[in-house]
2 protein chains.
Amino acid sequence: MMRYHKVPEETIKRMPQYLRALLFLRQQSTKYITSRGLSEYVLLNPPQIRKDLSYFGAFGLRGTGYEVEPLIKQIRRILKLDVEQKTVLVGAGRLGSAIARFPGFQRYGFNITDIYDNAGKRIGKKIGKIQIKDVAKLNKIKANSVKIAIIATPPETAQQIADALVKAGVTSILNLTSAYLAVPKKVRVRTVDLAMELGMLPYYT
Amino acid sequence: MMRYHKVPEETIKRMPQYLRALLFLRQQSTKYITSRGLSEYVLLNPPQIRKDLSYFGAFGLRGTGYEVEPLIKQIRRILKLDVEQKTVLVGAGRLGSAIARFPGFQRYGFNITDIYDNAGKRIGKKIGKIQIKDVAKLNKIKANSVKIAIIATPPETAQQIADALVKAGVTSILNLTSAYLAVPKKVRVRTVDLAMELGMLPYYT
DNA sequence: TTGTGCTTGTGTTCACATTCACAAAGTCTT
DNA sequence: AAGACTTTGTGAATGTGAACACAAGCACAA
Ligand SMILES: NC(=O)c1ccc[n+]([C@@H]2O[C@H](COP(=O)([O-])OP(=O)(O)OC[C@H]3O[C@@H](n4cnc5c(N)ncnc54)[C@H](O)[C@@H]3O)[C@@H](O)[C@H]2O)c1
Ligand SMILES: NC(=O)c1ccc[n+]([C@@H]2O[C@H](COP(=O)([O-])OP(=O)(O)OC[C@H]3O[C@@H](n4cnc5c(N)ncnc54)[C@H](O)[C@@H]3O)[C@@H](O)[C@H]2O)c1
C-alpha cells in the first residue's frame with residue numbers, strides 16, 4: 001500500500017482524463033473496465049494507469065479490472081469534484097459566452113454562478129439564467145464560496161482582473177488569455193492559450 | 001555545441017511560451033532580454049530557458065542577453081511557424097465561431113482558410129471573409145496545402161471527422177471536444193477539453 | 001478443492017528532464 | 001589596456017517520472 005507516498009503532479013494531471021473516459025464508459029453501460037481497456041481511451045499504457053490509481057488506494061479487482069461506477073466516485077472524491085465548485089466567469093465576449101452556455105462543466109462539478117463584464121451594453125443581460133454583473137463589483141464575491149475563476153477578457157486587462165480575483169479569495173484561475181499572470185504562490189493558474197496550443201504541432205511534421 | 005542532441009519534448013512544448021513572451025516584449029519595444037528577464041514572463045528559471053534555447057544553437061550575446069527580434073525569427077523557424085500554416089476549422093457553433101473570429105492565430109502563423117459545418121442553416125453563411133462549407137466536402141481539401149485542423153463539433157461526431165481529416169492528409173489536429181480520437185501514429189492530436197483543464201485545480205486547494 | 005488464466009499492485013530499473021556550477025565570452029568603466 | 005562585472009552555454013549531478021516484470025489475488029471450471 002503506497003497511499004502515503006507523494007503523488008506526482010503528472011498523475012494529478014491525468015486523473016481528469018481517467019474520469020472523462022470512465023464517464024464515457026458509464027454512458028455506454030460498461031460495468032467493468034481493465035487497465036488495458038482504459039488505455040484505449042487515454043493514450044497511456046496499462047501499467048501507468050494502474051500505478052496512477054494505486055497512489056490513492058487499491059480500487060481494482062484482480063482478475064476482473066475496475067468497477068466503473070465506484071471508480072468514478074473515488075476519482076471525483078480525490079479531485080474534490082464531488083462537492084459543487086462554484087465558479088465565476090469574467091469576460092462575456094464570444095469565448096466567454098460560449099463557455100457560459102456550455103453544459104460540460106457541470107459533469108465535472110463546476111457550476112458557473114456569476115458572470116462579469118465591463119461593457120455597458122452587456123451588463124444586465126442574461127446568458128442562460130445568469131445575469132451579467134458589472135466587473136467593478138467583483139470584490140463582492142463571497143470569499144469562502146467561490147474558489148475558481150475563468151478569465152476570458154482581452155489580455156491587456158487580465159492581470160488587473162487576476163489581482164481582484166485573488167483579493168476576493170479565489171485560489172484557482174483558468175486563464176484563457178495570452179497574458180502571463182503574476183499571482184501569489186498559493187494561487188494556481190492554468191493558462192490555456194489556444195493559439196499557443198497549436199504552436200508545437202508543426203514541429204513534428 | 002549541442003545542436004545534434006535529441007531535443008526533449010518538454011522543451012518543444014515550452015518554445016511557444018517563449019515566443020509568446022518575446023512577441024509581448026517586442027510590442028513593448030524591448031530590444032534585448034536576458035534569460036532572467038524572460039523568466040519573469042514564463043514561470044521557468046533562467047538556466048532552464050538557456051538550456052532550452054541552446055538545443056537549437058547559440059542565440060545569445062554573453063554579457064547582454066538575447067536580441068528579441070532575431071530570437072523571434074529563430075523560434076518561428078524552429079517551430080515551422082515562419083511559413084503560413086493553412087488551417088481548417090470543422091464546426092462553426094459557438095466555440096467554432098469564436099475561434100474563427102479570433103485574430104490571435106495569425107500571430108503564430110496559422111491561417112484559417114476553410115470552415116466546415118453540417119447544419120443547413122449555417123452552410124453558405126460567412127464568418128468574417130470565409131464562407132462556411134458543407135462538411136460533406138471535407139475530402140476536397142488539398143492534401144498538400146492543409147496540414148492542420150481544429151475540431152469544434154459535438155463530441156459524438158469528432159471521430160468520424162478526424163477520420164475524414166486524416167484521409168485528406170491532415171497531420172495535426174487540435175481537438176476541442178471531449179472525445180478521445182484514435183488516429184494513425186503519424187498524426188498528432190492535441191486535445192484541449194476546457195472542462196478537464198479545470199479538473200485538476202481543486203485538488204491543490 | 002485444485003488448477004488455469006486473468007488482472008491488479010508495486011519494487012526495481014531505466015530513461016528523461018531539471019538544476020547547478022562554472023568556464024568562456026562579451027560589456028563597460030576607468 | 002586592464003580589471004570588474006554580466007550573462008551565456010553546457011557538462012555533470014540531481015531529481016523525477018515512466019516502464020517493466022512479476023508476485024499476489026481473484027474468478028471460474030472441472
Ligand atoms: N462552448 C464551450 O465553451 C466549450 C468548452 C469546452 C468544450 N467544448 C466542446 O466544443 C465543441 C463545440 O462546442 P460548441 O459550444 O461550439 O457547440 P455548438 O453546438 O454551438 O456547435 C457545434 C457545431 O458543430 C456543428 N456540427 C455538428 N455535427 C457536425 C458534423 N458532423 N460536421 C460538421 N459540423 C457539425 C453544428 O452544426 C454546430 O454548428 C463541443 O464538442 C463541446 O463539447 C465547448
Ligand atoms: N475567441 C477565441 O477563439 C480565442 C482563442 C484563444 C484565446 N482567446 C482569448 O480569449 C479572450 C476573449 O476572447 P473573445 O474572442 O471572447 O474576445 P471578445 O472581445 O469577444 O470578448 C472580450 C470580453 O471581455 C470584456 N471585457 C473587456 N475588458 C474587461 C474588463 N476589464 N473586465 C471585464 N470584462 C472585460 C469585453 O466587454 C468583452 O465582452 C481574449 O483574451 C482572447 O485573446 C480567444
Side-chain angles (χ1 to χ4, degrees), chain A residues 1-18 21-22 25 30-72 74-75 78 200 203-204, chain B residues 1-18 21-22 25 30-72 74-75 78 200 203-204:
Chain A
M1 232 279 265
M2 41 188 307
R3 201 176 306 207
Y4 297 108
H5 285 211
K6 183 175 143 293
V7 181
E9 174 156 5
E10 296 299 315
T11 294
I12 301 298
K13 282 194 199 162
R14 284 188 293 266
M15 296 301 283
Q17 295 190 51
Y18 300 139
L22 290 163
L25 288 164
T30 306
K31 290 270 176 290
Y32 294 89
I33 187 78
T34 64
S35 58
R36 165 139 21 148
L38 252 185
S39 77
E40 283 167 29
Y41 295 93
V42 292
L43 201 59
L44 297 164
N45 41 22
Q48 179 77 79
I49 295 171
R50 294 200 298 275
K51 174 139 266 199
D52 280 345
L53 295 176
S54 78
Y55 282 114
F56 304 101
F59 305 131
L61 304 160
R62 293 170 194 231
T64 307
Y66 300 86
E67 204 180 342
V68 172
E69 184 62 32
L71 189 52
I72 288 175
Q74 287 289 356
I75 295 180
I78 291 160
M200 66 169 293
Y203 178 84
Y204 292 100
Chain B
M1 231 281 265
M2 41 187 309
R3 201 174 309 206
Y4 296 110
H5 285 211
K6 184 174 142 294
V7 181
E9 175 156 4
E10 296 300 313
T11 293
I12 301 299
K13 283 194 200 161
R14 284 189 291 266
M15 295 302 282
Q17 296 189 50
Y18 300 140
L22 290 164
L25 288 164
T30 306
K31 291 268 176 291
Y32 294 90
I33 187 78
T34 63
S35 57
R36 164 137 27 144
L38 252 185
S39 76
E40 284 168 27
Y41 295 93
V42 292
L43 201 58
L44 297 164
N45 41 23
Q48 179 77 80
I49 295 170
R50 294 201 299 274
K51 173 139 268 201
D52 281 343
L53 295 175
S54 77
Y55 282 113
F56 305 100
F59 304 131
L61 304 160
R62 293 170 195 233
T64 308
Y66 300 86
E67 205 180 343
V68 172
E69 184 63 33
L71 189 52
I72 287 174
Q74 288 289 355
I75 296 181
I78 291 161
M200 67 169 292
Y203 179 83
Y204 292 101

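Please read these numbers as outputs of a predicted model, since none were measured by experiment. Letters A, B, ... are given to chains in the order of the sequence lines, protein chains preceding strands, and every chain is numbered from 1.
In plain terms, the two heavy atoms of I33(A) and L22(A) that are nearest each other are CG2-CD2, 4.0 Å. Between A21(B) and V42(B), the shortest heavy-atom contact is CB-CG1, 4.1 Å. Here the shortest heavy-atom pairing between R50(A) and S35(A) reads NH1-OG, 3.0 Å.
In this structure, the separation between CZ on R14(A) and CG on L53(A) is 10.0 Å, given to the nearest 0.5 Å.
In this structure, NZ of K51(B) is placed 14 Å from C1' of dG15(D), rounded to the nearest angstrom. Atoms OH (Y55(A)) and C1' (dG11(C)) sit 12 Å apart, rounded to a whole Å. What separates CD of E9(B) from P of dT16(D) is a distance of 21 Å, to the nearest Å. Atom CZ in R36(B) sits about 15 Å away from atom C1' in dC20(C), given to the nearest Å. Between K13(A) atom NZ and dT16(D) atom C1' there is a gap of 13 Å when expressed in whole angstrom units. Taking atom CG of D52(A) as the reference point, atom P of dT16(D) lies 17 Å away to the nearest angstrom. As a whole-Å value, the separation of L38(B) CG from dT6(D) P is 19 Å. Atom CG of L71(A) and atom P of dT7(C) are 17 Å apart (whole Å).
Within 4.0 Å (heavy atoms only), S35(A) reaches sugar-phosphate atoms of the nucleic acid but no base atom.
Between Q48(B) and dT19(C), a side-chain N or O to OP1/OP2 separation shorter than 4.0 Å is present. A sub-4.0 Å separation between OP1 or OP2 of dC20(C) and a side-chain N or O of R50(B) is absent. For N45(B), no side-chain nitrogen or oxygen approaches OP1 or OP2 of dT18(C) to under 4.0 Å. In terms of phosphate contacts, Y66(B) brings a side-chain nitrogen or oxygen within less than 4.0 Å of OP1 or OP2 of dG9(D).
Where T64(A) and P8(A) meet DNA chain D, the nucleotide closest to each residue was compared, and P8(A) sits on the side nearer the 5' end.
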Item to check | Chi angles and distances behind the side-chain contact (heavy atoms from CB on, under 4.5 Å) call for Y203(B), M15(A) | outcome: CA-CA 10 Å; Y203(B) 179 83; M15(A) 296 301 283; over 6 Å; no
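Side-chain proximity of R14(B) to the nucleotides dT18(C), dG9(C), dG9(D) is greatest for dT18(C).
Applying the 3.5 Å distance criterion, the base of dT7(D) shares no donor-acceptor pair with the side chain of R62(B).
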